[in-house]
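A short worksheet on the structure shown next.
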Amino acid sequence: MSTHQPLSLRTALLLTLPPLLWAGNAVVGRLAVGAVPPVALNFARWLLAFALLWPLGRAAWRDRAALRARWPYLSGLGLLGMGSYNALQYLALHTSTPLNVTLIAASSPVWMLGIGAVLYGVHPRRQDLLGAALSLLGVALVIAHGEPERLLALRFSPGDLLMLLAMFSWCLYSWMLARPPSSMRAPERPAWGWAEFLSLQMGFGLVWCAAATGVEALVSDAQWHWSPAVFAILAYVAVGPSLIAYYCWGQGVATVGPAIAAFFVNLTPLFAALMSTALLGEAPHWYHAAAFGLIVGGIVISSRKR
């Protein structure tokens with residue numbers, strides 16, 4: 001039986017902040033194209049985040065016996081959550097747009113429900129499927145600007161395929177957080193706090209990030225072009241989408257489970273659209289409010305108790 005709790009206002013707020021920060025991540029990731037190699041950007045992001053978190057998380061690294069016993073699990077989290085997902089997203093933004101990237105990210109409830117059914121034996125209920133349909137309808141409404149014929153004009157690129165792989169990696173990462181092996185459950189698990197556990201994920205993830213950056217340096221001639229904007233991009237991606245978003249996401253997934261948490265990812269394209277209108281000096285339109293209602297409706301329906 002699941003030990004996940006019902007969705008509360010606090011948890012809803014925790015799960016709303018990551019898509020807001022990730023929408024900004026898609027925007028600045030696109031701005032970084034041509035200025036920073038994408039895989040190197042991912043490595044720099046997590047290296048800086050790891051350094052910022054080190055004072056709070058360093059205690060976990062002293063227990064070498066606990067690390068040796070759990071390194072496969074921690075390495076898997078680092079590969080999926082830090083090494084693969086973010087690098088694939090930055091690569092996708094070289095041939096795709098923030099709008100397409102966030103649209104594909106909105107498919108996460110489908111991936112999350114599918115992985116749960118196939119790998120973890122958690123079969124979706126009808127209300128889960130209805131909630132997913134409502135949320136995806138809200139996303140489509142934002143993308144179409146309230147005009148369905150606009151959906152026919154959408155064009156997808158090779159970067160969109162990379163983003164699909166990124167979402168699969170993210171959903172698998174979320175399920176691994178929610179259904180850890182027995183060695184990571186109480187009372188066997190060491191008394192790691194959130195900062196220590198996230199620090200371990202980052203540390204193991206940095207190994208994968210460094211290896212991928214080395215491969216990129218061998219096969220690509222992309223170079224760093226330092227500027228104040230690049231420093232600002234690094235500061236944002238290291239603190240917002242990394243430390244703050246991952247803390248909130250981990251707490252939310254642990255409370256309500258990955259299937260419900262996935263519906264909040266559908267807020268990302270809505271936030272991205274609002275950011276775009278703000279940058280262009282335009283006021284939000286009726287379809288933004290309608291999409292928000294549909295997405296929230298999907299969250300409410302899917303989070304109802306069995």
Side-chain angles (χ1 to χ4, degrees), residues 18 21-55 57-58 61 74-102 104-105 157-170 172-173 198-247 249 268 272 275:
L21 295 170
W22 291 332
N25 187 48
V27 174
V28 300
R30 182 67 173 176
L31 291 174
V33 172
V36 183
V39 180
L41 173 61
N42 187 52
F43 176 61
R45 164 189 178 171
W46 289 114
L47 183 61
L48 181 55
F50 181 74
L52 292 172
L53 193 61
W54 178 252
R58 62 184 177 183
W61 291 93
L74 295 170
S75 182
L77 289 178
L79 171 63
L80 294 171
M82 287 78 184
S84 298
Y85 169 67
N86 296 279
L88 288 169
Q89 182 181 11
Y90 291 141
L91 282 169
L93 286 165
H94 273 243
T95 54
S96 187
T97 65
L99 188 58
N100 271 26
V101 163
T102 53
I104 293 170
S157 68
D160 300 328
L161 178 59
L162 292 174
M163 193 58 199
L164 279 174
L165 293 174
M167 288 315 303
F168 178 80
S169 174
W170 178 253
L172 190 55
Y173 165 79
L198 185 56
S199 173
L200 292 173
Q201 295 179 55
M202 288 182 183
F204 281 89
L206 279 172
V207 176
W208 299 105
C209 293
T213 302
V215 173
E216 181 186 50
L218 291 175
V219 302
S220 172
D221 57 357
Q223 300 292 326
W224 287 79
H225 299 283
W226 293 101
S227 69
V230 169
F231 284 107
I233 287 172
L234 284 175
Y236 175 77
V237 298
V239 176
S242 302
L243 293 177
I244 298 175
Y246 272 67
Y247 165 74
W249 183 259
T268 306
M275 288 179 183

Look only at the side chain of [X] and the backbone of [Y], and say whether a donor-acceptor pair between them is shorter than 3.5 Å.
{"X": "Tyr236", "Y": "Leu21", "value": "yes"}
{"X": "Ser199", "Y": "Trp54", "value": "no"}
{"X": "Tyr246", "Y": "Gly81", "value": "yes"}
{"X": "Thr213", "Y": "Cys209", "value": "yes"}
{"X": "Thr268", "Y": "Ala23", "value": "no"}
{"X": "Trp46", "Y": "Ser242", "value": "no"}

**Request:** Answer yes or no: is there a side-chain heavy-atom contact under 4.5 Å between Gln89 and Asn25?
**Result:** yes
**Message:** So Leu243 and Met202, do their side chains get closer than 4.5 Å, heavy atoms only?
**Reply:** yes
**Asked** Have Tyr85 and Asn42 got a donor and an acceptor in their side chains that come within less than 3.5 Å?
**Response** no
**Request:** Applying side-chain contact (heavy atoms from CB on, under 4.5 Å), run through Met82 and Phe50 and close with a yes or a no.
**Result:** CA-CA 11 Å; Met82 287 78 184; Phe50 181 74; over 6 Å; no
**Asked** Do Arg45 and Tyr90 pass the side-chain contact (heavy atoms from CB on, under 4.5 Å) test, and can you show the C-alpha distance, the side-chain angles, and the key distance before you say yes or no?
**Response** CA-CA 11 Å; Arg45 164 189 178 171; Tyr90 291 141; 3.0 Å; yes
**Item:** Tyr173 side, atom OH; Trp249 side, atom CH2 - distance, nearest 0.5 Å
**Value:** 10.0 Å
